[in-house]
Amino acid sequence: MLRCELTDVNGKTHQMPQLLSLQVDVDEGVPADALYALFPYVSTAELCRITLYDEDKPVFIGVIDEEEHICGSRGTYLKISARSPAAHLLDNEAMPCEYDHPSLSMMFERYAKPFDIRLGTESDEVFFGEQRVTKGTSCWKALKNFCIACYLTPPRISSVGVLYPKGLEHGDVTVFGTEGVPYTHLREAKKRCEEISAVHVKASNSGTYSLAIENRAAKNRGVCRERYLNAVLTESPMKCADAMIDNGDVKSYAVYLRCKGCLLGTEGNRVVISDPVLGDRDDLYISAVHYRMKGDGAYSNITLKRRTF
């Protein structure tokens, strides 16, 4: 059972009546998750925060961007548009500066912690190089640039405000099919145009792009899509070649499911699925959850992608 709490600018919390409609979009490819909710009208002071619960578990904590009061022949309503805590990092500009060997803890303290975002790891890696934050750079971009340089992947801030510097993480497993969550629709997509067959690497200033890192599985299937990498540059180390190939593999395959009910909070989960088309699979994870609820029912559209680790 989903329920909402709204907080106004005076710090007062309002337990809202039953939702009339709800849309929540959670996608690892988008920095801030989005929520759109419609309630029967309730008189409040100006609203600034929303928390969505599934039973007693918070599944979305949002910064309210827009509040609308709607009066018409069909009734009086309150409409809310909100984004997850990553919105603060997108909306705030970082102070221009330069870093020499920045650490995760330093970047977290400066760009995420001031917005009440928690860190979802105990590690504290250091990037052995320099990073520049130029005028006009958002706090999100400053943090993202660090994570890409240090981990070769953008960070992920969850719908409830937890920062995962290595991207979407979750320790649970979701089972789909007759032994788990049923689905009413399945679509499998293969995109050969996203795969990279080889990366040619320049490893020294005096050398050429003579070192080839091959994606043998793609080449054996006739994929021809090559890239070049100058590993002499500090921002493009040798390990970037493997990351380029892995990212192409992730983008090249997806499974889309439609399930009844709410699956918010499952993003990042490893997936076990048995299907007459797909067969038995356990190398996928939940990349996105798009929840829709109206008077005639509720469903979740789920995107599954390949794990490369």
Side-chain angles (χ1 to χ4, degrees), residues 25-34 48-49 51 58-63 65 82-171 229-244 246-247 250-251 265 267-268 285 287-288 305 307-309:
D25 294 308
V26 178
D27 191 324
E28 67 171 336
V30 180
D33 303 326
C48 61
R49 179 184 171 98
T51 303
V59 292
F60 187 99
I61 297 173
V63 179
D65 290 325
R83 288 175 296 160
S84 60
H88 287 305
L89 278 72
L90 292 167
D91 292 349
N92 283 274
E93 185 178 339
M95 182 179 71
C97 62
E98 293 185 7
Y99 294 105
D100 185 18
H101 293 52
S103 66
L104 172 61
S105 59
M106 176 191 297
M107 302 301 280
F108 169 73
E109 290 282 338
R110 182 157 294 185
Y111 298 116
K113 189 175 181 180
F115 305 115
D116 293 328
I117 291 171
R118 308 185 306 278
L119 185 59
T121 179
E122 296 181 357
S123 61
D124 189 18
E125 289 82 359
V126 174
F127 173 61
F128 294 101
E130 297 180 354
Q131 285 203 314
R132 178 179 296 177
V133 179
T134 58
K135 174 69 176 71
T137 299
S138 68
C139 292
W140 167 256
K141 188 174 181 181
L143 182 61
K144 177 183 176 181
N145 289 346
F146 167 81
C147 291
I148 289 177
C150 196
Y151 307 111
L152 300 179
T153 186
R156 172 66 182 167
I157 297 176
S158 74
S159 294
V160 293
V162 180
L163 168 63
Y164 298 102
K166 298 180 183 179
L168 192 60
E169 293 184 12
H170 210 296
L229 174 72
N230 186 352
V232 179
L233 304 176
T234 56
E235 63 268 25
S236 303
M238 183 77 72
K239 59 184 180 180
C240 283
D242 291 326
M244 291 166 68
D246 287 345
N247 289 338
V250 170
K251 292 178 181 178
E267 56 275 8
Y285 73 98
S287 170
K305 291 185 178 179
R307 283 198 182 276
T308 58
F309 54 90

In residues 144-154, what donor-acceptor pairs under 3.5 Å come from side-chain atoms, sequence neighbours left out?
| from | atom 1 | to | atom 2 | distance (Å) |
| --- | --- | --- | --- | --- |
| Asn145 | ND2 | Lys141 | O | 3.3 |
| Tyr151 | OH | Glu125 | OE1 | 2.6 |

To the nearest 0.5 Å, what is the distance between CG (Asp91) and CZ (Arg83)? 4.0 Å
Which atom names give the shortest non-hydrogen contact between Gly136 and Glu93, and what distance separates them? N-OE2, 3.0 Å
Would you give me the side-chain donor-acceptor pairs under 3.5 Å for residues 155-165, sequence neighbours excluded?
| from | atom 1 | to | atom 2 | distance (Å) |
| --- | --- | --- | --- | --- |
| Arg156 | NH1 | Asp27 | O | 3.1 |
| Arg156 | NH1 | Val30 | O | 3.0 |
| Arg156 | NH1 | Asp33 | OD1 | 3.4 |
| Arg156 | NH2 | Asp33 | OD1 | 2.8 |
| Arg156 | NH2 | Asp33 | OD2 | 2.8 |
| Ser158 | OG | Val160 | N | 3.3 |
| Ser158 | OG | Gly161 | N | 3.4 |
| Ser158 | OG | Val162 | N | 3.1 |
| Ser159 | OG | Asp33 | OD2 | 2.5 |

Quick check: do Ile61 and Arg49 have side-chain heavy atoms less than 4.5 Å from each other? yes
Return the minimal non-hydrogen interatomic distance between Thr137 and Ala142, and the atom names on each side. CG2-N, 3.7 Å
Partners meeting side chain to side chain donor-acceptor pair (under 3.5 Å) with Asn92 (sequence neighbours left out): none
Got a sec, which residues hit salt bridge (charged side-chain N to carboxylate O under 4.0 Å, His left out) with Glu98, two or more places apart in sequence or on another chain? Arg132
With sequence neighbours left out, the residues meeting side chain to side chain contact (heavy atoms under 4.5 Å, CB included) with Ala34 are Tyr36
Could you give the distance from CD (Glu267) to CG (Leu168), rounded to the nearest 0.5 Å? 6.5 Å
Could you report the tightest heavy-atom contact between Ala86 and Pro31, atom names first, then the distance? CB-O, 3.2 Å
Return all side-chain donor-acceptor pairs below 3.5 angstrom for residues 106-121, not counting sequence neighbours, or 'none' if the list is empty.
| from | atom 1 | to | atom 2 | distance (Å) |
| --- | --- | --- | --- | --- |
| Arg110 | NH1 | Tyr99 | OH | 3.0 |
| Tyr111 | OH | Tyr99 | OH | 2.7 |
| Thr121 | OG1 | Ser123 | N | 3.2 |
| Thr121 | OG1 | Ser123 | OG | 2.9 |

Euclidean distance, Ser105 OG relative to Glu122 CD, rounded to 0.5 Å: 13.0 Å
